[in-house]
Amino acid sequence: MTTLATIRSYLEQQQAQFDEELKRLLPSEDAYPESIHRAMRYSIFAGGKRLRPLLALEAARLFGRECRDVVRLGCAVEMIHVYSLIHDDLPALDNDDLRRGKPTSHRVFGEAAAILAGDALVTLAFEVLAGSDPDETGGAADQVPASARLRVIRELSHAIGTCGGLLGGQVVDLESTRCVPDARTLEYIHSAKTGALIRAAVRCGAIYAQAPEEDVGRVSVYGAKIGLAFQIVDDLLDVLGSQAELGKTVGKDDRQQKATYPAIHGIEASQRMAFQLVEGACEVLEPYGDRAHTLQSIAQYLLVRQN
Ligand code: IPE
Ligand code: IPE
Ligand code: MG
Ligand code: MG
Ligand code: MG
């Protein structure tokens, strides 16, 4: 039985490999034009759980693949995630001053630079996903096949797009502010703005491992369930969490009259829903027995996380 402390220290220990690769992949602070590279590195290295990269890595591990390409996939997913955070915090969106315990990008670098830093991160993510130049790597044997790479690029683009993806979710989130959406619309917002990228991270890990379609489908259900649970817990932490631990301003959803699970369903029902989603996610992976233990523990951890 994995204790909470064990899974937390496992998460921390796994972060280092992503941080090292991210340091290599991002242009250095003295590369011209320096200002944008400083802003990109500021937000990437401001902290962060690196949950999405780990999910991609663990999904690939479940199907027996572990290589540098999978770590790079995780880094690309993190770049996309950080782009979404920088833009989410902008004055025109959530207008937040604090992220990962530090002033938000636009507070430090100004709004124009923050917009461009977000754009730059999402652009770099797709350059990384396209893979290294074969002339430079000598066509390295452990590289993921081009067909898997292409599929992952398509899946991730869709997951952050407007049709059920991150951008679609953000649009309906903004349009639902100060009016009370029905439960179905709320589920759409959360599954799209947050769930879609989390689901894509595990799917893409499985695709890089060239898992059979049935397995990709199974981890996909796991990803969708924990993705929705993740945003429900994010809403709950905005009500119940502490700013010091979260590294974000608390109570802002209520002040901005955001469409959240606690606002629509109440705190206890939201907690119950998140619990049921995580239970369902763990159940889907039962056919893998002990091999699924880490992904199941990560799912359980999401219910008790404090940041
Ligand atoms: C925050 O995501 C934004 C949401 C999608 C709710 P995380 O809670 O994973 O943020 P970091 O990466 O750890 O800062
Ligand atoms: C964020 O939802 C979703 C994305 C960044 C796409 P929130 O607006 O609730 O996230 P936080 O609370 O600012 O991290
Ligand atoms: Mg938001
Ligand atoms: Mg926000
Ligand atoms: Mg939130």
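Start at 1 and go down the list; that is how both ligands and their atoms are numbered. In what follows, residues are counted from 1 in the order of the sequence shown.
Within 6.0 Å of CZ on R24 lie more than 12 heavy atoms contributed by other residues, nucleotides or ligands.
Of all protein N, O or S atoms, those under 2.8 Å from the Mg ion (ligand 4) number 2.
The residue from R50, R72, R52 that alone fulfils the salt bridge (charged side-chain N to carboxylate O under 4.0 Å, His left out) condition with E78 is R50. Remark: of the listed residues D235, D94, D253, D94 is the sole one forming a salt bridge (charged side-chain N to carboxylate O under 4.0 Å, His left out) with K258.
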Provide, line by line, the atom pairs where ligand 2 and the protein bring an N/O atom each to a distance under 3.5 Å; else say none.
{"from": "ligand 2", "atom 1": "2 (O)", "to": "K193", "atom 2": "NZ", "distance (Å)": "3.3"}
{"from": "ligand 2", "atom 1": "8 (O)", "to": "D88", "atom 2": "OD1", "distance (Å)": "3.3"}
{"from": "ligand 2", "atom 1": "8 (O)", "to": "D88", "atom 2": "OD2", "distance (Å)": "3.1"}
{"from": "ligand 2", "atom 1": "8 (O)", "to": "D94", "atom 2": "OD2", "distance (Å)": "2.7"}
{"from": "ligand 2", "atom 1": "9 (O)", "to": "Q231", "atom 2": "NE2", "distance (Å)": "3.3"}
{"from": "ligand 2", "atom 1": "9 (O)", "to": "D234", "atom 2": "OD2", "distance (Å)": "3.2"}
{"from": "ligand 2", "atom 1": "12 (O)", "to": "D234", "atom 2": "OD2", "distance (Å)": "3.2"}
{"from": "ligand 2", "atom 1": "12 (O)", "to": "K248", "atom 2": "NZ", "distance (Å)": "2.9"}
{"from": "ligand 2", "atom 1": "12 (O)", "to": "K252", "atom 2": "NZ", "distance (Å)": "3.3"}
{"from": "ligand 2", "atom 1": "13 (O)", "to": "D88", "atom 2": "OD2", "distance (Å)": "2.9"}
{"from": "ligand 2", "atom 1": "13 (O)", "to": "R99", "atom 2": "NH2", "distance (Å)": "3.0"}
{"from": "ligand 2", "atom 1": "14 (O)", "to": "R99", "atom 2": "NH1", "distance (Å)": "2.8"}
{"from": "ligand 2", "atom 1": "14 (O)", "to": "R99", "atom 2": "NH2", "distance (Å)": "3.2"}
{"from": "ligand 2", "atom 1": "14 (O)", "to": "K248", "atom 2": "NZ", "distance (Å)": "2.6"}

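Inspection of the Q170 and D173 side chains reveals no N or O donor paired with an N or O acceptor under 3.5 Å. Residues R99 and T104 bring no donor and acceptor atom of their side chains to less than 3.5 Å of each other. For R218 and Y288, the side-chain atoms include at least one donor-acceptor pair closer than 3.5 Å.
The aromatic rings of Y42 and F109 sit perpendicular, their planes meeting at an angle over 60°, well past the 30° parallel limit.
Nearest heavy-atom pair, A196 versus G165, reported as atom, atom and distance to 0.1 Å: CB-CA, 4.0 Å.
In D234, the N, O or S atom that comes nearest to the Mg ion (ligand 5) is OD2.
Checking D253 against the Mg ion (ligand 5), every N/O/S atom stays at or beyond the 2.8 Å cut-off.
For R100 and F45, the positive end is not near the middle of the six-membered ring at less than 6.0 Å and at most 45° from its axis.
Ionic pairing of R38 and E29 is not present here: no N-O contact between side-chain nitrogen and carboxylate oxygen is shorter than 4.0 angstrom.
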